[in-house]
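Letters go in sequence order (proteins before strands), and every chain restarts at 1.
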Amino acid sequence: MEERGRGCCPSMDLMRSEAMQLVQLIIPIESAHLAVSYLGDLGLIQFKDLNAEKSPFQRTYAIQIKRCGEMARKLRFFRDQMLKAGLPPPAISGTQPIITLDDLEVKLGDLEAELIEINANGSKLQRSYNELAEYKLVLQKAGDFFHSALSSAEELQREHSQSGEESLETPLLSEQGTTTDPSKQVKLGFITGLVPREKSMAFERILFRATRGNVFLKQATIDEPVIDPGTGDKVEKNVFAIFFSGERARVKILKICEAFGANRYSCNEDLGKQSQMITEVSGRLSELKTTIDAGLVHRGNLLQTIGEQFEQWNLMVRKEKAIYHTLNMLSIDVTKKCLVAEGWSPVFAVKQVQDALHRATHDSNSQVNAIFQVLRTREMPPTFFRTNKFTTAFQEIVDAYGVAKYQEANPGVFTIVTFPFLFAVMFGDWGHGICLLLATSYFIIREKKLSSQKLGDIMEMTFGGRYVIMLMALFSIYTGLIYNEFFSVPFELFARSAYVCRDPECRDSTTIGLIMARDTYPFGVDPAWHGTRSELPFLNSLKMKMSILLGVAQMNLGIVLSFFNAQFFKNRINTWFQFIPQIIFLNSLFGYLSILIIIKWCTGSKADLYHVMIYMFLSPTDDLGENQLFSGQKMTQLVLLLLAFVSVPWMLLPKPFLLKMQHNRHQGGAYAPLQDSEESLQSGANHDSHGHEEFEFSEVFVHQLIHTIEFVLGAVSNTASYLRLWALSLAHSELSSVFYEKVLQLAWGYNNVIILIVGIIIFICATVGVLLVMETLSAFLHALRLHWVEFQNKFYEGDGYKFYPFSFSLIDIEEE
Amino acid sequence: MGFLVTSLIFLVVGVIASLCARICFNRGPSANLLHLTLIITATVCCWMMWAIVYLAQMNPLIVPILNDAE
């Protein structure tokens with residue numbers, strides 16, 4: 001089954017999956033960690049999970065994975081802190097200091113504790129600082145109250161002492177003047193503090209109501225917002241001073257202050273003591289500031305040192321986690337003190353894997369070498385294509401529909417050319433093609449720089465498909481030259497147009513039209529057609545027939561690929577009873593149509609091909625009359641019709657019966673001696689031995705019936721589906737022509753510079769938005785559909801699974 | 001220039017392209033075969049498209065009829 005290359009020519013790697021084999025590695029425990037690490041660097045083994053029944057907690061290395069998880073959490077914490085501190089994201093440095101996992105764990109733990117401590121201290125200091133700042137403001141503003149009250153009282157006192165009267169305005173605070181009994185003096189208490197400005201009105205009102213109007217509140221606004229010590233936000237606040245008498249009022253006021261979140265600060269009436277307090281507070285504030293700054297600098301340094309080594313630690317932790325996950329998949333052979341690993345690996349990688357194992361044994365100073373064995377199994381291996389940066393995008397397009405079954409023909413090989421080609425048939429305009437080419441060459445030229453950057457989602461997709469778009473653009477330039485459209489304008493590039501006026505005055509040019517006087521225009525559509533009344537009938541007929549011809553060609557290619565598959569898998573039933581009737585059916589109907597099209601073009605006959613095809617079925621024995629394209633046509637059509645009718649039961653009937661006979665033959669020979677070879681440890685799961693297959697004849701027959709109906713009906717519908725090549729190409733050229741004529745030419749006609757500039761801008765926006773973006777996506781999608789459905793359903797099974805090796809580079813991509 | 005002559009030109013261009021690919025991008029037999037396949041496919045596709053458009057214009061059944069304006 002592994003025969004590659006048929007002697008005459010070498011095999012093509014991309015055509016069929018790499019040969020894969022199931023390997024078994026027996027690794028001694030002391031070198032297991034290193035061995036898995038080196039295999040991860042190599043990236044060519046896909047390990048099978050031999051402990052699938054165990055839960056994650058029952059596995060051998062669950063503790064190590066938890067440790068790695070803890071370390072990853074600490075690293076995430078560091079990253080958050082670095083982002084909050086505004087440090088630039090850590091860059092990947094080149095040096096690789098060697099540090100063991102245990103040391104790293106300890107170091108991370110220490111750093112985390114230190115960072116948490118610094119943060120806690122910092123926030124405490126900040127809080128004290130904010131409180132002191134508020135206190136200072138209260139002292140200043142409340143001091144102003146007292147000062148102004150005292151000075152106005154003294155002023156009024158002086159006035160009144162001058163006037164010598166007692167009136168209502170005699171200030172109460174002139175204690176020097178009163179001679180009342182000290183015990184009868186009403187002692188006023190006061191409370192000072194800060195309240196948020198939006199709550200100040202409500203504060204005042206509630207105070208008033210609660211104390212029945214027996215308080216005096218004075219407020220002063222603070223211009224800049226103040227940092228609230230509790231929340232840390234900047235809030236606009238007012239300084240207040242409440243004067244009250246009595247203990248009960250005091251209690252009420254205190255409660256109200258707390259409810260409103262007003263911070264209280266005690267204040268002394270005495271002016272001298274106030275200024276003393278202010279200087280003291282200012283001193284403490286500046287001290288605190290220097291302490292806080294020193295703390296921030298210390299934290300910054302710590303984060304800096306973390307940042308330098310962050311990426312390496314990150315990488316190391318991820319690698320270790322991956323290694324332990326993999327080690328968990330291996331089964332422990334308790335008696336022999338070694339680990340058994342099973343995995344899929346390409347045949348070409350045998351030497352590399354063995355080298356990696358030898359190095360691991362050597363580096364871990366182990367006495368025993370690891371053992372490498374190939375197992376025989378009937379499981380289907382994963383599919384692996386070795387692609388480079390150019391073919392990867394095309395392979396992904398194919399894989400998006402379904403991953404190829406192991407070693408079946410890969411449509412990706414042909415998709416590299418046919419996909420951009422079909423896109424270009426729908427997009428054909430060499431001006432637009434040049435724009436696309438310029439856009440994608442920007443991506444290709446700056447490939448190295450852009451591939452290491454993080455781009456947005458859409459940019460990422462466009463960048464990934466840059467080679468696809470480049471081919472699409474190149475083919476579009478070609479088809480644009482053939483359709484003769486440069487932003488819908490034709491040019492006489494290759495020779496003079498074939499059409500001239502019938503007479504020198506061109507009188508008949510608008511009624512009967514031009515006449516073909518020179519040779520056929522050698523490359524592409526004649527430029528004389530553009531803008532004429534009969535342009536659309538001509539182009540439609542041309543493009544429809546072109547779509548049919550291209551479609552029949554691609555479908556035939558698909559059926560031929562199914563022949564190659566049948567040859568490779570040595571499936572003679574498929575060759576004789578599937579490939580041959582399919583080819584005969586498709587070509588006797590649609591191949592014949594293609595030939596008729598070509599003959600009609602070559603001879604210039606006026607035969608109606610619709611008529612010919614339909615009456616070939618309805619009344620094949622009738623005389624063709626003027627629809628005769630070549631002699632012997634009636635006989636040919638009868639023969640082809642007969643072949644088509646015969647091929648349908650040929651596809652349907654023999655295969656199920658032959659399969660049944662084959663199955664019976666194998667049943668008889670089921671008791672062959674067992675071969676002496678190692679079987680996989682997991683062989684119980686999907687063991688495909690000979691005799692186990694249930695052969696339900698009715699199921700097979702129905703399957704073949706469905707397949708036959710699908711092919712027969714599909715022949716018609718798929719051929720018609722290719723007409724979308726015509727439809728999209730027509731849409732593109734019409735849109736392009738409308739934008740050119742109705743925008744650019746219209747703007748040009750006014751002979752006004754401003755209108756021209758506006759017209760050019762509109763033209764550019766419309767071209768880029770509608771034609772270059774929307775039409776590109778649309779043609780891309782339809783070309784994709786033609787490949788996925790019409791081409792691939794002729795031969796592709798696509799039910800394989802992809803080879804996903806254990807590789808550190810893949811894990812990095814995954815984590816991002 | 002005639003159908004056959006231009007078809008021959010396509011063939012020659014295809015051959016030259018395969019030789020260039022073999023000279024500039026020689027990367028082992030499997031990759032060379034892949035390049036050859038791609039070039040042959042591209043040449044065949046391009047030739048088919050050109051041939052279809054050329055054949056359709058060789059013996060036309062309708063002729064351009066100009067518009068009345070201008």
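- Contact of the A:Leu542 side chain with the B:Gln57 side chain is not registered, since no non-hydrogen atoms from C-beta on lie closer than 4.5 Å.
- Inspection of non-hydrogen atoms places B:Thr37, B:Leu38, B:Thr41, B:Ala42, B:Cys45, B:Cys46, B:Trp47, B:Met48, B:Met49, B:Trp50, B:Ile52 of residues 36-52 of chain B under 4.5 Å from chain A.
- With a 4.5 Å cut-off on non-hydrogen atoms, A:Lys543 does not touch chain B at all.
- Both the backbone and the side chain of A:Pro537 come within contact range of chain B, with heavy atoms under 4.5 Å apart.
- In A:Glu505, the CD atom is crowded: over 12 heavy atoms of neighbouring residues, nucleotides or ligands sit closer than 6.0 Å.
- For chain B, the nearby parts of A:Leu514 are the backbone and the side chain; heavy atoms of each come within less than 4.5 Å.
- In this structure, the portions of B:Leu34 lying under 4.5 Å from any heavy atom of chain A include both its backbone and its side chain.
- If you measure heavy-atom distances from A:Ala498 to chain B, you find no contacts under 4.5 Å at all.
- The shortest distance between side-chain heavy atoms of B:Pro60 and A:Met516 falls below 4.5 Å.
- Using a distance-only test at 3.5 Å, with no hydrogens or angles considered, a donor-acceptor pair links the side chain of B:Asn67 to the main chain of A:Gly531.
- Between A:Arg533 and B:Leu66, the shortest heavy-atom distance links the atoms NE-O, 3.8 Å.
- Nearest heavy-atom pair, B:Pro64 versus A:Ala528, reported as atom, atom and distance to 0.1 Å: CB-O, 4.1 Å.
- In terms of modelled atom types and a separation under 3.5 Å, the side chain of A:Asp13 and the main chain of B:Ser30 share no donor-acceptor contact.
- When heavy atoms are compared at a cutoff of 4.5 Å, A:Thr511 approaches chain B solely by way of its backbone atoms N, CA, C and O.
- Contacts between residues 472-481 of chain A and chain B, defined by a heavy-atom separation under 4.5 Å, are made by A:Phe475, A:Tyr478, A:Thr479.
- For chain B, the option among A:Phe494, A:Tyr521, A:Phe538 with the highest count of heavy-atom pairs below 4.5 Å is A:Phe538.
- Under the side-chain hydrogen bond (donor to acceptor under 3.5 Å, both in side chains) criterion, A:Asp503 pairs with no residue at all, not counting sequence neighbours.
- Proximity of a side-chain donor or acceptor of B:Asn59 to a complementary backbone N or O of A:Cys602 within less than 3.5 Å is detected.
- For A:Arg518, the CZ atom is densely surrounded, since the number of other residues' heavy atoms within 6.0 Å is greater than 12.
- A:Ser534 contributes a side-chain N or O that, together with a main-chain N or O of B:Ile65, makes up a donor-acceptor pair within less than 3.5 Å.
- Here CG of B:Leu61 is found 11.5 Å from CH2 of A:Trp601. Values are rounded to the nearest 0.5 Å.
- Counting heavy atoms from C-beta on, the side chains of B:Ile62 and A:Trp529 come closer than 4.5 Å.
- Ranked by heavy-atom pairs shorter than 4.5 Å toward chain B, the options A:Leu14, A:Ile597, A:Val525, A:Ile416 are led by A:Val525.
- Using a 4.5 Å cut-off between heavy atoms, A:Arg502 contacts chain B through its side chain alone, with no backbone atom that close.
- Partners of B:Leu8 under the side-chain contact (heavy atoms from CB on, under 4.5 Å) rule, at least two apart in sequence or in another chain, do not exist in this structure.
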